[in-house]
Each structure stands twice: as C-alpha cells, then as structure tokens.
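One structure below.
FYI, side chains are in, hydrogens and waters are out, and symmetry mates aren't considered; it's all heavy atoms of this structure. So that the names make sense, note that chain A is the first sequence line, chain B the second, and so on, each numbered from 1. Keep in mind that this is a model prediction, so the values were computed, not measured.
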Amino acid sequence: MAAIIGRLVQWRNSINPYRKYQLGPNSTTKEIEEPLARLHCDARALRVEEDPYVQATSRAIELVLYLSWPPQVRVDLTLLASELKEDLSQLQVRPCVYMDLTSFHLMIGAISADKGTQTRAWFVGKISRVVLAMRMRGWGEKLRVLERGLTSDTSLRPQLKALWKEINNEE
Amino acid sequence: MPGTHYGLCYRLLKTVSTYWSLAFLDDRGFPRNPSEVAWFGLFISEPALIEASMAICERHWYPDTLYKWRSEIHRNAAFNIVIERIQSRQAQTDGVLGAVLTMAFGERLVGNDLAWNVHIDGLAQIIKDRHSRGIFVLPPWFSSLLVLSVSPSCSRRT
C-alpha cells in the first residue's frame with residue numbers, strides 16, 4: 001500500500017502542469033493515463049484483503065484518482081463513497097474524534113458524494129460533530145489553522161475549502 | 001477481601017473506560033465489542049500508552065497554556081518510559097508500539113512532520129528488533145491505525 005500511495009503522490013505531482021494550464025483529458029496524456037490506469041488497477045487489487053481498513057483506503061485512493069483526473073465515462077462517485085462509508089462503519093475499534101477531524105478518508109468521501117445524498121451527509125456529519133465539540137471548548141480560531149493545513153492539497157483545494165466552509169456554516 | 005478488591009478494580013476500570021469514551025469518542029459505551037475490549041486492555045497495561053493518550057487529550061481539550069503545559073508533561077513522560085523500555089533491551093510489547101504510534105499521531109495533529117518522521121522511524125526500528133527476536137506478528141490494530149493515518153495528498157512518510 002505504501003508503494004501505491006508513493007506512486008499516487010508522484011503521479012498527482014506530474015499532472016499539476018496539465019491542471020495549471022487546463023490541458024484536459026483530450027490533450028497529450030499518455031504519460032498521465034497509463035500510470036493512472038495502473039494505479040486504479042493496483043488500488044482495486046488491494047480489495048482482495050478483507051480488512052476494512054485496507055478496503056477503505058483502496059476506495060479512498062480510487063476516489064482521489066477520479067477527482068484528480070475525471071474519467072471520460074462518468075463514474076458514480078456517490079456509490080463508491082457509499083462503499084467507503086460502509087467500510088468505515090465496520091471498523092471494530094472506533095477511531096478517536098481527532099482521527100475523524102483529520103481523516104482524509106472522511107474528507108474525500110464528503111467531496112466525492114453528490115450533495116443532498118445520505119452518503120454525503122454521513123461524511124460531513126462525522127467531521128462536523130468533532131468541529132462542533134471543539135468549538136464549544138473554545139477552539140474556534142485555532143481550528144482555522146488546522147483547516148488551512150487540511151485544505152493544502154493543491155488539486156483538491158477548491159473542494160476541500162468548500163467542504164470546510166460548509167462545516168463551519170453549519171454551526 | 002477479594003470481593004472488595006474486585007469491586008474497586010471494577011469501579012476503576014469503569015472510570016477509565018468512561019474517561020476514554022468522553023475524551024476520545026465524545027460518546028459513551030466504550031468498549032462495545034471484543035476488539036475494543038482488547039484495545040482497552042492494552043491501553044491500561046502500558047503506562048507509556050496512557051501518558052501518550054493523555055498528552056493528546058490535554059493538548060486538544062482546551063486552548064489554554066495550562067492544558068498545553070500538562071500535555072507536554074504527559075508527552076515527556078511517555079517518551080521517557082519508551083526510552084526506558086528500549087534501553088532495557090527486551091523485546092518491545094504491543095503496548096510500546098501503541099504508545100509510539102500514539103505519539104506519532106499526536107505530532108501529526110499539531111503539524112510537526114519532523115517529529116512524526118522520527119516516531120515512524122522509531123517504530124520501524126522497534127519492529128525490526130522484534131523480527132530479530134522472532135516476533136513477526138503485529139497486532140491487528142497496528143497496520144489498521146497506520147492505514148487510517150494515510151493521506152494520499154501529502155508526502156508524509158508512512
């Protein structure tokens with residue numbers, strides 16, 4: 001899994017010039033789409049493991065790939081996010097609230113699922129619950145610092161910033 | 001008297017599990033299944049893990065210098081116990097693995113990537129040492145928690 005994630009980070013760095021100059025999927029993209037296809041394949045192969053943690057990360061990786069380079073044939077990201085939700089719901093040892101607050105799995109699920117769906121509401125609710133509890137203990141301004149760190153991902157920044165704006169407006 | 005001793009132990013365990021519930025789950029009802037019972041058993045068995053957990057709890061409970069200071073005391077206590085364990089040259093227990101992973105997560109929460117890397121490197125060394133002593137099995141929660149800490153959008157070491 002570490003190797004796949006390492007390749008994912010490298011690949012996402014490599015697509016930045018295409019994103020910056022808005023060279024979409026119709027441009028010269030062999031050097032993008034071939035490693036992308038291998039990453040999708042390898043991420044799906046992780047799901048041979050029954051471990052729900054591995055299943056969850058496999059789906060989170062696929063969602064990152066789809067969001068980073070939208071496929072030409074529409075993929076139901078809400079369905080994939082719903083499967084991610086099921087994986088996370090099956091964790092035997094509940095992660096602590098601070099893991100939820102910084103959870104990439106929860107954030108990617110929230111920005112992948114369609115608005116208005118129960119799936120999206122679940123992801124947003126998990127993060128919002130922690131944010132509300134911490135705000136009530138006086139962490140308002142310092143949460144903004146955390147938020148800046150969590151939304152630092154260049155390519156997903158607009159979606160992540162919109163998510164955190166929504167979470168903050170809910171309180 | 002055995003009955004009194006049992007009662008005291010039960011109340012103590014109940015208090016600690018309630019603390020864990022409120023501090024880390026913002027909920028009650030911990031532990032709720034055999035896996036969480038096992039984790040709780042590990043938690044109360046290793047002082048370094050207790051200290052590392054309390055360091056996170058204090059640090060993020062209230063934005064006040066007193067809580068930050070208390071957090072640092074617990075963090076240093078955890079660190080010292082782990083160093084003591086390593087210097088004992090005995091095989092490191094699952095509890096020590098949990099303590100170091102918790103310390104790593106605590107540094108990640110405050111954005112200290114350097115310290116995160118140091119703890120992860122330490123974990124790798126501990127695991128190699130366990131291998132050299134014929135201990136190849138990692139506890140089931142270990143890789144699970146490491147996996148949950150993964151963020152494919154950054155270059156932090158895992």
[X] and [Y]: same hydrophobic cluster, using ILVMFWY side-chain contacts below 4.5 Å?
X: B:Met103; Y: B:Ile73; value: no
X: B:Trp141; Y: B:Ile135; value: no
X: B:Leu138; Y: B:Leu101; value: yes
X: B:Leu109; Y: B:Trp69; value: no

For [X] and [Y], work out which heavy atoms get closest and say how close.
X: A:Arg94; Y: B:Arg32; result: CG-NH2, 3.3 Å
X: B:Pro63; Y: A:Gly138; result: CG-O, 3.0 Å
X: B:Phe105; Y: A:Met99; result: CZ-CG, 3.3 Å

Answer yes or no: are there more than 12 heavy-atom neighbours, outside B:Arg89 itself, under 6.0 Å from its atom CZ?
-> no
So does B:Leu114 have more than 12 non-hydrogen atoms from other groups sitting under 6.0 Å from CG?
-> no
Check each atom of [X] against the heavy atoms of chain B and say whether the ones under 4.5 Å are side chain, backbone, both or neither.
X: A:Leu91; result: both
X: A:Met134; result: side chain
X: A:Ser103; result: neither

From B:Arg108, B:His60, B:Arg59, residue fulfilling side-chain contact (heavy atoms from CB on, under 4.5 Å) relative to A:Tyr98 = B:His60
